[in-house]
Amino acid sequence: MTCKVEVAGASDMQVPMINVEAIDRPTVLPLRPERFRLSPTLGTLPAVLCAPVAQVIYLADGTRNRVVVSGRDDW
């Protein structure tokens, strides 16, 4: 089952309904690193947020990307 979540500065999203306490309550949406994509092709993902990359940190064979989502840069 899914539910609609309103995201500030973005369009509404359909997300899996997990631990829903009540309708019209604030919630937290995780930004899963394994699902993070830079410039995805339109229509290939169920939900897309525009999030400018604030910082790129190179860690040996990987990278860490800090992004600004809905005006917050503490991700």
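- One hydrophobic cluster, built from ILVMFWY side chains closer than 4.5 Å, cannot hold both Ile18 and Met1; they sit in different ones.
- In this structure, Asp12 and Val5 have side chains that are not in contact, with every pair of non-hydrogen atoms separated by 4.5 Å or more.
- A continuous path of Ile, Leu, Val, Met, Phe, Trp and Tyr side chains, each step under 4.5 Å between heavy atoms, connects Leu38 with Val67, placing both in one hydrophobic cluster.
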TODO: Determine, stepwise, if the pair Met13 / Lys4 fulfils side chain to side chain contact (heavy atoms under 4.5 Å, CB included).
DONE: CA-CA 6 Å; Met13 301 174 70; Lys4 181 178 82 169; over 6 Å; no
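- The line from CG of Leu59 to CZ of Arg64 is 8.0 Å long, rounded to the nearest 0.5 Å.
- In Ile23, the CD1 atom is not crowded: 12 or fewer heavy atoms of neighbouring residues, nucleotides or ligands sit closer than 6.0 Å.
- Closest approach of Val56 to Val53, counting heavy atoms only: CG2-CG1, 3.6 Å.
- Among residues two or more places apart in sequence or in another chain, the side chain to side chain donor-acceptor pair (under 3.5 Å) test is passed with Gln55 by Arg66.
- Within the structure, salt bridge (charged side-chain N to carboxylate O under 4.0 Å, His left out) pairs that include any residue of residues 45-58 do not occur (at least two apart or interchain).
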